[in-house]
K.L.:
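The structure is given below, and queries will be raised subsequently.
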Amino acid sequence: EAGLVFKTLPQIINLQAKRMAALLTAGIPKHWFYNNRDLLMPHSDSTPLIPMEAFKNAFLRNLHPIGRITLEDSIDCYLFQKGELTIASIWNRKNQAKIFPIQMASDGRLYDIYGNSIATLIAGKTSVSVADGYVHYIEGIDADAYLQDPTFIPAFRSDAAPQGKPENT
């Protein structure tokens, strides 16, 4: 049983992070809690998601979904506006390492799914490296550079994300 938990926990965490970005962009309002028992399915226990919840709750709060694009044929990228800063939730659908160019509006950071800072990204065109299919977050991406991209799909609603102070912090 313990082996199953350690094998599936990262997959569940990753699925939950992808789900939140997609639902917000689709215009479905979400309110996040550390131990919301209906987070995965009715009557389930989402306690295993706690390692990524604190960062996700802070990072994906007080923002407005812009839309979704596909970068380099396999990178899903969900764009959000957070005050003056544009942020992105990205992952590689092919579940493999990939280096790809990205346009930054300002100096920013690349974070892993748990909120660990991986790299500093310089304003302008820069390269981003993702080592796997897990969600990564980018601060400072240039959303305007991607609005005319043929893969861009605008968000259904821009007010789906929870506003205010995160709960249970």
K.L.:
Evaluate Ile138 against Met104 for side-chain contact (heavy atoms from CB on, under 4.5 Å), listing each step before the verdict.
P.N.:
CA-CA 9 Å; Ile138 298 174; Met104 298 292 291; 3.9 Å; yes

K.L.:
In terms of hydrophobic clustering (I, L, V, M, F, W, Y; side-chain heavy atoms under 4.5 Å; direct or indirect links), are Ile118 and Tyr134 co-clustered?
P.N.:
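No, Ile118 does not connect to Tyr134 through the hydrophobic network.
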
K.L.:
Suppose the criterion is side-chain hydrogen bond (donor to acceptor under 3.5 Å, both in side chains): which pairs have a residue in residues 65-74, not counting sequence neighbours?
P.N.:
Arg68-Thr70, Arg68-Asp76, Arg68-Tyr78, Ser74-Asn92

K.L.:
Mind checking whether Leu110 and Ile102 sit in one hydrophobic cluster, side chains of I, L, V, M, F, W, Y counted as touching below 4.5 Å?
P.N.:
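The answer is yes; both residues are in one hydrophobic cluster.
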
K.L.:
If Ile, Leu, Val, Met, Phe, Trp and Tyr residues are connected whenever their side-chain heavy atoms lie under 4.5 Å apart, and connections chain through other members, are Tyr137 and Leu121 in the same group?
P.N.:
no

K.L.:
With a 4.5 Å cut-off on side-chain heavy-atom distances among I, L, V, M, F, W and Y, is there a chain of contacts connecting Ile75 to Ile87?
P.N.:
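Per the 4.5 Å side-chain linkage, Ile75 and Ile87 are not co-clustered.
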
K.L.:
Would you please test Thr25 and Phe156 for side-chain contact (heavy atoms from CB on, under 4.5 Å) and show each step?
P.N.:
CA-CA 6 Å; Thr25 304; Phe156 183 71; over 6 Å; no

K.L.:
Give the minimum heavy-atom separation between Pro101 and Lys125, together with the two atoms involved.
P.N.:
CB-CE, 3.7 Å

K.L.:
Distance check, rounded to the nearest 0.5 Å: Phe80 atom CZ versus His64 atom NE2?
P.N.:
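Answer for the CZ-NE2 pair, Phe80 versus His64, is 12.0 Å.
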
K.L.:
Can you give me the closest heavy-atom contact between Ala155 and Pro65, atom names plus distance?
P.N.:
CB-O, 3.5 Å

K.L.:
Can you tell me how far apart CE (Met20) and OG (Ser89) are? Round to the nearest 0.5 Å.
P.N.:
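So the gap between those two atoms works out to 11.5 Å.
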
K.L.:
Taking the side chain as C-beta and beyond, is there a heavy-atom pair between Ile69 and Ile153 under 4.5 Å?
P.N.:
no

K.L.:
For the residue pair Val135 and Ile90, establish whether any side-chain heavy-atom pair is separated by less than 4.5 Å.
P.N.:
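When only atoms from C-beta onward are counted, Ile90 and Val135 do not touch, as no gap falls below 4.5 Å.
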
K.L.:
When rounded to the nearest 0.5 angstrom, what distance separates NZ in Lys98 from CG in Asp132?
P.N.:
14.0 Å

K.L.:
So do Val128 and Phe100 actually touch side chain to side chain, heavy atoms under 4.5 Å?
P.N.:
yes

K.L.:
Only pairs under 3.5 Å count here: list side-chain donor-acceptor contacts from residues 140-149, not counting sequence neighbours, and write none if there are none.
P.N.:
| from | atom 1 | to | atom 2 | distance (Å) |
| --- | --- | --- | --- | --- |
| Asp142 | OD1 | Asp144 | N | 3.2 |
| Tyr146 | OH | Gln103 | N | 2.7 |
| Asp149 | OD1 | Thr151 | N | 2.7 |
| Asp149 | OD1 | Thr151 | OG1 | 2.6 |

K.L.:
Working to the nearest 0.5 angstrom, can you tell me the gap between Leu63 CG and Leu85 CG?
P.N.:
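Taking CG in Leu63 and CG in Leu85, the distance rounds to 10.5 Å.
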
K.L.:
So which atom in Phe152 and which in Gly67 form the shortest heavy-atom distance, rounded to 0.1 Å?
P.N.:
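Closest heavy-atom pair between Phe152 and Gly67: CE1-CA, 3.8 Å.
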
K.L.:
Would you compute the distance between atom CD1 of Ile122 and atom OG of Ser127 and round it to the nearest 0.5 angstrom?
P.N.:
12.0 Å

K.L.:
If two hydrophobic side chains count as joined below 4.5 Å and joins carry through other members, does Val130 share a cluster with Leu79?
P.N.:
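Result: yes, single cluster for both.
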
K.L.:
What's the spacing between Glu139 CD and Ser117 OG if we round to 0.5 Å?
P.N.:
8.5 Å

